[in-house]
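The next block holds one structure in the form of structure tokens; read it before the comments.
It should be emphasised that the depicted structure is a prediction, and the values quoted were computed from it without experimental measurement.
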Protein chains: 2
Amino acid sequence: MSLSTGNVVQFEIASRPAACRRCDLGGICEALRRGADGARRGGAVQRGKLLFRQGELFKGLFVVRSGSVKTSTNATDGVEQVVRFHMPGEVLGLDGLCGDVYHATATALEMASFCRISSEELDQLLTRNPEAARELLGLAGRELVAEQGRLALVGQRAADARLAAFLLGLSREYARRGYSSTEFNLSMSRQDIANYLALAVETVSRLFTQFCQAGLLDVERRRVRILDIDGLRALLGGGQRQSVASS
Amino acid sequence: MSLSTGNVVQFEIASRPAACRRCDLGGICEALRRGADGARRGGAVQRGKLLFRQGELFKGLFVVRSGSVKTSTNATDGVEQVVRFHMPGEVLGLDGLCGDVYHATATALEMASFCRISSEELDQLLTRNPEAARELLGLAGRELVAEQGRLALVGQRAADARLAAFLLGLSREYARRGYSSTEFNLSMSRQDIANYLALAVETVSRLFTQFCQAGLLDVERRRVRILDIDGLRALLGGGQRQSVASS
DNA sequence: CGACAGTTTGATGGCTCTCAACTCAAGTGG
DNA sequence: CCACTTGAGTTGAGAGCCATCAAACTGTCG
């Protein structure tokens, strides 16, 4: 098994008995399974392939089952902006709920499998099951809060704090899924990380080596080992760029 | 009437006959009005007062009826981040749907009135009226898309492009509400604008004078007149900070 | 082996932050 | 009516962080 899919395989083994059990849509997936067909429908995509494309007709929500996916937007002039990295259990496509098209492109960062909840199933679900609506609204709210946090990170913190926060976030997510919180593979490229954190690739690269020299990390290509997690946390508040607002 | 409330008064006159008619919650407000009491309940706050506070128990959604409101978050170390400026008709508190507390603080930027949809009403509404759930999900989706756009703006564009985009956004919002798209009052301070755009106050101030000297704007304190809207648009793509990301 | 994309490292410059002083308007109290 | 205070906004000078340009390096793939 290759390094870059180590976490994935581990996850698939752990979750094989009950597909969609560990996703963020507890009740909804239950409802779909009781309902009938839907929940099992899904698929797999290879690294670099798209789940959906920005501007494409809304086909429903996707739930990542294994692997990892990035969503990104393209401005009219072609400038890409990475919106988010999605790990197993996370829901993609919530931004499509405000219209009939997707507002971002979802790209598999490694071999990934997913299940899909079609627009029709979604409609039925919302009609029949009010609890599902609450769950979805909760998910959307959580994403909004996450975006707000990221805005604060990018807007207020220096480069080193951003990368530290990024790594700590990954660490937490892996821990939440039962993996090592200190050793994992990055499924995304430096370019993607840089774009996500609003930095230049070279800056990200320099920070990685800088963190290594400081004894915080041990990095070899995409393999990351966190040596001093408290040292990373200490960076979080440090890199502040401007003072508090008034009024 | 003072300069800083000019737009507000105008709006109130225009929308007085049907409260909540022009808000973003068309169907929901309808349902609430049919339902019974709720929709009319609301209140008014003076400049600087809070509608709700970050960490406070979720009391329901707020809809701005007049005036303008800013939402902002505070990090653990007290650093503020402006989340958004809200104009009449916009819904506040969607980020509270993922838990039982608000995740941002809502502050009135000028005298503002609002109506409130309490948690209980919201619950009843979601249970009785599936269409309301779709509307709320649509709203949340739209906010997500807006946040993504802002992230791209802050992450990828230079300072002048950010301010230009901010002003053009305000212009569009005013136009959408039937006001002049070229002449309006800023209800927020330079500090708030700077924080919103992830810039220093001084940079915002310098850009305003720079835009004036370039013949794009006519600014006097918080009064803004757009002289060359195409010139502003030309700035949008110009200030690019880094190239496109790869796969 | 050669091509190529991804990554790293170095040198340089510039955009924007920071610090500081000043202007201006509004409010306060005598 | 005026001195004083206060806060927002503006302007200037300087420095620093980080983007940009360039080149070397590495692993992968045909």
Phosphate OP1/OP2 of dA19(D): any T203(A) side-chain N/O under 4.0 Å: yes
Whether Y102(B) and F62(B) hold their rings parallel, tilted or perpendicular, with breakpoints at 30° and 60°: tilted
Whether T105(B) side chain and Q54(B) backbone form a donor-acceptor pair below 3.5 Å: yes
Toward the 5' end of DNA chain C, by each residue's nearest nucleotide, E202(B) or R206(A): R206(A)
Candidates dC18(D), dT11(D), dC17(C) - which lies nearest the side chain of S205(B): dT11(D)
Under-4.0 Å side-chain N/O to phosphate OP1/OP2 contact, R222(A) with dG6(C): no
Spacing of Q210(B) atom CD relative to dT16(C) atom P, expressed in whole Å: 9 Å
Reference residue E90(A); test salt bridge (Lys or Arg N to Asp or Glu O under 4.0 Å); the match among R142(A), R84(A), R176(A): R84(A)
Rounded distance (Å) that lies between atom P of dA8(D) and atom CE of M188(B): 15 Å
S181(B) backbone acceptor or donor facing R172(B) side chain under 3.5 Å: no
Protein-nucleotide distance (N195(A), atom CG; dT7(C), atom P), rounded to Å: 13 Å
Nucleotide dA8(D), atom C1' - distance to CG of L109(B) in whole Å: 15 Å
Atom-pair distance (CG on D192(A); C1' on dT7(C)), nearest Å: 13 Å
Whole-Å gap separating P (dA8(D)) and CD (E220(B)): 19 Å
Spacing of R221(B) atom CZ relative to dC24(C) atom P, expressed in whole Å: 12 Å
N or O in side chain of R190(A) less than 4.0 angstrom from dT8(C) OP1/OP2: yes
L186(B) CG to dG9(D) C1', straight-line distance once rounded to whole Å: 13 Å
